[in-house]
Amino acid sequence: MMQTHLLLPESDVNAVQIAAGLIKQGEVVGMPTETVYGLAANALDGRAVAKIFHAKGRPQDNPLIVHIADATQLNTLCPAVPPQAARLAEAFWPGPLTLIVPKAACIPEEVCCGLDTVGVRLPAHPLARALIRAAGVPLAAPSANLSGRPSTTTAAHVLRDMDGRIAAVLDGGPCGVGVESTVVTLAQDRPRLLRPGGVTLEQLQGVLGTVELDRALYEKIGDEARVSAPGMKYRHYAPKAPVTVVRGQPQAAAAYIKAHAAPGDGVLCFDEYRDCFSACVVACFGAQADLAAQARAVFDCLRAFDDTAVRQIWAQCPPNDGLGLAVANRIQKAAGFRTVDV
Ligand code: AMP
Ligand code: MG
């Protein structure tokens with residue numbers, strides 16, 4: 001088992017250089033970004049990228065996002081950037097938006113898993129950009145969790161899943177957005193949202209006009225399915241105990257959960273309902289109206305249930321507007337789309 005070093009830029013001025021050195025040697029490093037932590041390796045080195053799949057236990061057909069430090073690097077990863085991709089990059093980079101575009105030949109097979117497209121993102125987190133610059137190459141990075149588990153939003157979460165599996169974690173503190181990037185494909189006739197995230201559907205529509213929604217946003221996709229974002233078909237973000245989402249007016253959802261939860265069950269709820277489930281293990285993920293707080297806290301709350309003895313989890317969930325679409329998507333995926341409408 002390899003030793004995983006925790007690199008602390010606040011106390012060690014060389015932390016970024018050390019992390020970059022490991023990446024140059026073909027190793028995998030936990031990288032803070034504004035969305036969630038990533039598992040980063042040299043995107044142009046197929047053997048380094050293969051180590052990411054090994055560390056996560058990630059299915060071999062689920063491609064990785066390539067992270068760049070400068071928007072002009074998009075041109076080296078994509079031979080002909082679609083005009084709509086350029087407009088989105090201009091509007092939302094650096095930031096939580098991944099653009100799926102036709103891929104250049106320099107990108108190894110391991111990154112794209114047989115697709116003729118690549119996902120590219122310019123993160124806003126200063127340490128992520130510093131690491132990409134210091135490494136001198138684009139970095140392939142999926143979320144830094146064991147495959148299927150909730151994503152990681154602190155360096156402690158990353159160590160929990162990855163200790164002994166990767167060379168180091170660069171600690172950048174808790175992530176500011178908390179859910180993964182929005183993924184939109186520009187490689188087909190019409191722009192299509194594959195994964196909701198920190199850049200909202202309404203923001204995309206503001207730039208592009210209409211944006212189609214992939215069906216993976218709303219339903220469980222069969223394991224054998226060929227889908228636009230292969231990652232969308234896998235069980236995702238899931239704590240160990242099964243989750244049931246209760247959708248509807250928060251009052252009504254709380255009443256339903258209160259009526260159905262057994263003593264000792266877990267409840268993920270808005271802050272306003274903290275005291276409603278006295279016999280349960282309660283995790284609050286933000287005030288009802290504070291979608292940004294919910295996005296920051298949702299994975300931490302889902303992970304925290306794994307340190308308890310809960311046998312099932314009930315979850316409130318925001319409506320699909322704005323950032324709510326991304327938060328609700330993560331909760332519904334954690335539940336395998338097991339939903340009760342009240
Ligand atoms: P993760 O980095 O673990 O959050 O997962 C990255 C997401 O982006 C997964 O859902 C992938 O399937 C998706 N993705 C990455 N590259 C591509 C691509 N070339 N085409 C479609 N989806 C992609
Ligand atoms: Mg992931």
Side-chain angles (χ1 to χ4, degrees), residues 28 30-41 43 49 52-68 74 77-79 81-82 85 96-104 107-121 123 128 138-153 157-158 161-162 175 177-188 191-199 212-217 220-221 223 225-238 295 298-299 302-303 326 329-330 333-334:
V28 177
M31 166 175 78
T33 82
E34 77 278 23
T35 59
V36 300
Y37 275 72
L39 282 187
V49 172
I52 296 175
F53 284 83
H54 187 71
K56 285 195 62 147
R58 186 177 177 95
Q60 297 289 338
D61 68 347
N62 191 1
L64 306 182
I65 293 167
V66 178
H67 295 71
I68 56 179
L74 177 60
L77 300 172
C78 173
V81 177
L97 177 66
T98 296
L99 303 174
I100 307 295
V101 293
K103 82 177 183 85
I107 302 169
E109 178 61 29
E110 286 82 352
V111 172
C112 302
C113 307
L115 301 175
D116 50 13
T117 54
V118 61
V120 183
R121 180 164 105 82
L139 300 183
S143 54
N145 50 279
L146 288 173
S147 206
R149 297 253 302 139
S151 300
T152 53
T153 53
H157 290 164
V158 180
D161 278 21
M162 291 295 151
C175 299
V177 177
V179 292
E180 302 84 348
S181 60
T182 303
V183 179
V184 58
T185 179
L186 295 316
Q188 287 149 359
R192 187 143 47 93
L193 180 65
L194 303 182
R195 178 174 75 182
V199 171
E212 293 183 352
L213 302 184
D214 199 79
R215 70 188 176 101
L217 270 56
K220 194 167 170 9
I221 303 294
D223 286 349
R226 253 195 85 82
V227 288
S228 308
M232 300 305 273
K233 74 186 180 202
Y234 292 107
R235 184 178 145 94
H236 246 102
Y237 315 128
V298 65
F299 287 131
L302 289 172
R303 283 184 161 262
N329 169 266
R330 302 313 188 270
K333 293 208 71 173

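Numbering starts at 1 and runs along the sequence shown. Side-chain atoms are counted along with the backbone in the values below, which use heavy atoms only and exclude waters and symmetry mates. Counting starts at 1 for both ligands and their atoms, following the listed order.
Side-chain contact, Glu180 with Ser151: a donor N or O sits under 3.5 Å from an acceptor N or O. Counted by atom type alone, Arg58 and Asn62 present one or more donor-acceptor pairs between their side chains at under 3.5 Å. Between the side chains of Ser181 and Thr35, no donor N or O sits under 3.5 Å from an acceptor N or O. No side-chain N or O of Arg195 forms a donor-acceptor pair with one of Thr98 less than 3.5 Å apart.
One finds no salt bridge joining Lys103 and Asp116 here, because no Lys/Arg side-chain nitrogen approaches an Asp/Glu carboxylate oxygen to under 4.0 Å.
Taking every heavy atom of Val118 and a limit of under 4.0 angstrom, the matching atoms of ligand 1 come to 19 (N). If you number the atoms of ligand 1 from 1 as listed, the ones under 4.0 Å from a heavy atom of Asn62 come out as 9 (C), 11 (C), 12 (O). Each of the atoms 1 (P), 4 (O), 5 (O), 6 (C), 7 (C) of ligand 1 lies under 4.0 Å from some heavy atom of Arg195. In summary, the atoms of ligand 1 found under 4.0 Å from a heavy atom of Ser143, numbered by their order in the structure, are 1 (P), 2 (O), 3 (O).
Around atom 13 (C) of ligand 1, the closest heavy atom drawn from Pro63, Pro59, Ser147 belongs to Pro63. By heavy-atom distance, the residue among Thr185, Val111, Ile65 lying nearest atom 8 (O) of ligand 1 is Ile65. Counting only non-hydrogen atoms, the option in Ile100, Val66, Leu99 that gets closest to atom 23 (C) of ligand 1 is Ile100.
The proximity of Lys103 to ligand 1, defined as any non-hydrogen pair under 4.0 Å, does not occur for either the backbone or the side chain. Contact annotation for Arg58 and ligand 1: only side-chain heavy atoms (C-beta onward) come within less than 4.0 Å of the ligand.
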